[in-house]
Amino acid sequence: MNPSMLSKIVLATMPYMPLKYNRRLEVVVGLILMAKDLWISDLQSGDMVEQEISIQGWVKRSRSSGKIIFLSLRDSTGNIQCVAKKDTLDEQKFADLKSALIESSLVITGTVKEDQRSGGNEISVSDVEIIGSVNPEAPFPITESAMAAADGGETEFLLDNRHLYLRTSRMTTMLKIRSSVFGAIHSYFRGLDFVEYQAPCFVAGAVEGGSTLFEVPYFGRKAYLTQSWQLYAEAAMPALERLYTIAPSFRAEKSRTRRHLTEFWHAEMEIAWGGNDDVMAHGEALVRHICATLLEERSAELESLGRDLEMIRRFAENPFPRIRYDEAVERLQALGVDIEWGDDLDYSKEKILTADFELPHFLTHYPKVAKPFYHRPDPEDDKYVLCHDLLAPEGYGEIIGGGERTWSEQEILERIDEEGTPREAYEFYIDVRRYGGVPHGGFGLGVDRVIAWLAGAEHIREVIPFPRDSRRVTP
RNA sequence: GCCGCUUUAGCUUAGCUGGUGGAGCGUGGGACUGUUAAUCCCAAGGUCACAGGUUCGAACCCUGUAAGCGGCGCCA
């Protein structure tokens with residue numbers, strides 16, 4: 001279909017639309033943009049006072065008396081109050097508007113007025129068309145009381161009605177912040193000439209411990225959903241040298257915490273010719289870039305969530321401290337925590353360690369016994385591996401895990417045997433090392449965790465549209 | 001895998017030591033020309049999650065089941 005045909009069809013099917021040109025799309029693809037091109041944020045900007053406009057949106061709330069209706073209209077950019085008076089609107093239209101329930105969609109025509117009584121601009125309504133009405137026998141179920149009960153968290157009812165909860169201002173705000181975080185990750189890596197690279201979701205072997213794999217039937221065989229892009233990225237490392245992805249990873253953990261999802265978005269990177277410190281530098285720079293991007297693009301949204309912008313500025317502008325595992329253990333022991341050298345740092349210990357942190361901290365050089373085979377042992381002391389975790393403050397826990405990879409064939413075989421892992425499952429991974437292996441490394445960042453941390457969400461579920469955990473796959 | 005908690009109207013909830021379940025919001029009807037979660041009047045709406053048990057009598061006590069939520073371990 002050619003572009004002019006498309007716009008004609010649109011013109012024919014949407015006669016109520018005030019058609020305008022979208023300059024950017026017109027220039028890029030020579031296409032007339034046919035959909036909505038006037039937004040509530042435009043009306044609130046103040047540039048359109050006294051102009052006659054038509055605007056599409058949904059009813060956020062409505063109040064009426066016998067002769068006047070106050071209706072708060074919302075779209076994806078904000079809210080504006082519409083005022084309809086019985087003596088200036090057709091009788092039938094007035095009745096239609098009065099009966100429009102919350103989340104009815106409509107097109108309002110009227111004049112933009114500056115009015116202190118509505119705290120900004122409002123629309124003096126001259127015409128209205130209801131597009132999608134709402135049945136009074138089944139009104140929009142997300143009520144004030146449902147929202148108030150959640151008070152920033154989420155109730156069972158809101159989780160069951162997630163498809164409708166998405167329209168509320170809190171969820172919309174979270175999704176806008178989420179979009180900016182994804183954008184920041186792409187702009188960071190692309191700005192440094194990394195290549196975006198995709199790995200399969202169906203895999204044959206585990207990256208992390210095998211117990212957390214989702215098994216799926218695969219034409220009479222068993223396959224698993226990927227836990228990480230890493231092993232496939234290491235295969236492409238000699239080809240691309242700098243690569244990254246943002247993709248879902250799956251973990252069949254029965255965890256029920258504010259930090260866990262079974263399907264989460266994983267930003268991962270891999271670089272050739274680099275070691276633990278190089279990888280860590282990228283992790284820090286990426287997280288600081290995300291913070292700076294949010295300050296630039298989403299300050300209003302963060303403030304509406306009650307976030308302290310100065311705190312996020314602190315994350316953006318200061319280097320992240322680095323401490324070795326040994327030092328962390330000593331600190332914890334000094335605080336009276338029951339921990340021995342060689343124990344992994346579980347969440348309860350992380351929480352104690354990070355309680356006073358004003359910045360994210362890197363924890364490096366874990367004992368070899370606490371980490372899987374692909375971590376490279378430290379040549380200076382092979383009790384340790386060259387790895388790092390980035391711990392976020394405020395109890396949000398680990399947001400990055402990464403490090404240098406075991407890169408020679410001999411070393412990887414030793415580590416696999418030492419762990420008792422069967423070699424067969426990793427044949428391609430080992431083979432990659434037989435042809436010009438080089439030092440390399442990478443990290444994985446839990447995108448949803450970063451968003452939850454920066455947005456101050458009570459639970460990771462609040463920052464993903466349709467959360468998946470061990471007890472919920474619907475809606 | 002382990003521990004804890006919850007379930008009363010569409011939503012949010014009150015319901016004391018067991019004695020015929022109340023309210024706010026929402027919905028419907030009515031009043032009101034500047035409301036900000038508008039206000040005022042009226043109405044409809046309940047097998048108290050389900051199944052047993054104890055009791056003269058159970059939303060309430062006991063047992064089981066189900067669904068959900070919170071947390072731990074593990075991890076991003």
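Predicted model only: the values in this text are computed from it and were never measured.
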Atom pair distance, as rounded to whole Å: [atom1] in [X] and [atom2] in [N]:
| X | N | atom1 | atom2 | result |
| --- | --- | --- | --- | --- |
| A/F94 | B/C32 | CZ | P | 11 Å |
| A/R170 | B/A37 | CZ | P | 18 Å |
| A/E350 | B/C72 | CD | P | 11 Å |
| A/E137 | B/G26 | CD | P | 18 Å |
| A/K67 | B/U35 | NZ | P | 17 Å |
| A/L261 | B/A76 | CG | C1' | 10 Å |
| A/R256 | B/C72 | CZ | C1' | 12 Å |
| A/K254 | B/G71 | NZ | P | 18 Å |

Review point. Within the modelled atom types, does a donor on one side and an acceptor on the other bring the side chain of A/E458 and the base of B/G70 under 3.5 Å apart?
Key: no

Check your understanding: Has the side chain of A/R449 got a donor or acceptor atom sitting under 3.5 Å from an opposite partner on the base of B/C75?
Key -> yes

State whether [X] and [Y] are salt-bridged, where the test is any N-O pair (Lys NZ or Arg NE/NH1/NH2 against Asp/Glu carboxylate O) under 4.0 Å.
| X | Y | value |
| --- | --- | --- |
| A/E458 | A/R170 | no |
| A/D115 | A/R117 | yes |
| A/R314 | A/D308 | no |

Sugar-phosphate, base or nothing in reach of [X], heavy atoms under 4.0 Å:
| X | value |
| --- | --- |
| A/R471 | base |
| A/R259 | base |
| A/G401 | sugar-phosphate |
| A/Q116 | nothing |
| A/I69 | nothing |
| A/D115 | base |

Between [N] and [M], how far is it from one [atom1] atom to the other, in whole Å?
| N | M | atom1 | value |
| --- | --- | --- | --- |
| B/G46 | B/G22 | P | 14 Å |
| B/G15 | B/U6 | P | 14 Å |
| B/G4 | B/U17 | P | 24 Å |
| B/C11 | B/C16 | P | 22 Å |
| B/G29 | B/U13 | P | 29 Å |
| B/C72 | B/A58 | C1' | 37 Å |
| B/C50 | B/A37 | P | 37 Å |
| B/U54 | B/A14 | P | 31 Å |

Review point. For A/Y347 and B/G73, do the ring centres fall under 5.5 Å apart while the planes stay under 30° apart?
Key: no

**Study point:** Non-hydrogen side-chain atoms of A/V181 and A/V463 separated by less than 4.5 Å
**Key:** no

Exercise for review: Please say which of A/E404, A/H365, A/H388 ends up in a side-chain hydrogen bond (donor to acceptor under 3.5 Å, both in side chains) with A/N276.
Suggested key: A/H388

Distances under 3.5 Å between nitrogen or oxygen atoms of protein and nucleotides 48-50 of chain B:
none

Ignoring the backbone of [X], work out which of [options] is nearest its side chain.
| X | options | answer |
| --- | --- | --- |
| A/R63 | B/A37, B/A76, B/U27 | B/A37 |
| A/F70 | B/G34, B/C74, B/G26 | B/G34 |
| A/S348 | B/U33, B/G73, B/A76 | B/G73 |
| A/K85 | B/U27, B/G34, B/C32 | B/G34 |
| A/D344 | B/U27, B/G34, B/C75 | B/C75 |

For [N], the Watson-Crick or wobble partner whose two distances fall under 3.5 Å:
| N | answer |
| --- | --- |
| B/C32 | none |
| B/A49 | B/U65 |
| B/G70 | B/C3 |
| B/G10 | B/C25 |
| B/A37 | none |
| B/A76 | none |

Check your understanding: Are any of A/R461's side-chain N or O atoms less than 4.0 Å away from OP1 or OP2 of B/G70?
Key -> yes

Check your understanding: Would one find a side-chain N or O of A/H459 under 4.0 angstrom from OP1 or OP2 of B/G70?
Key -> yes

Run the ring-centre check on [X] versus [Y] and record whether the distance is less than 6.0 Å.
| X | Y | result |
| --- | --- | --- |
| A/Y426 | A/F373 | yes |
| A/F194 | A/Y188 | no |
| A/W58 | A/F140 | no |
| A/Y244 | A/H186 | yes |

Practice item. Supply the atom-to-atom distance A/I399 CD1 to A/R449 CZ, rounded to the nearest 0.5 angstrom. Key: 9.5 Å

Exercise for review: Determine, for A/Y396 and A/R258, whether the Lys NZ or Arg CZ falls below 6.0 Å from the six-membered ring centre while staying within 45 degrees of the axis.
Suggested key: yes

Practice item. Give a yes/no verdict on a cation-pi contact between A/R324 and A/Y384, requiring under 6.0 Å between NZ or CZ and the six-membered ring centre and an angle within 45° of the axis. Key: yes

Expected rows: protein N/O vs nucleotides 6-15 of chain B N/O, under 3.5 Å:
residue : atom : partner : partner atom : Å
B/C11   : O2'  : A/T143  : OG1          : 3.4
B/C11   : O2'  : A/S145  : OG           : 3.4
B/C11   : O2'  : A/A146  : N            : 3.2
B/C11   : O2   : A/S145  : OG           : 2.9

Practice item. Using the closest heavy atom to pick a nucleotide of RNA chain B for each, name whichever of A/L101 or A/L445 lands nearer the 5' end. Key: A/L101

Check your understanding: Does A/I102 or A/I68 map to a spot on RNA chain B nearer the 5' end, using the closest nucleotide for each?
Key -> A/I102

Review point. What pair of heavy atoms forms the shortest contact from A/F94 to A/I68, and how long is it?
Key: CZ-N, 3.8 Å

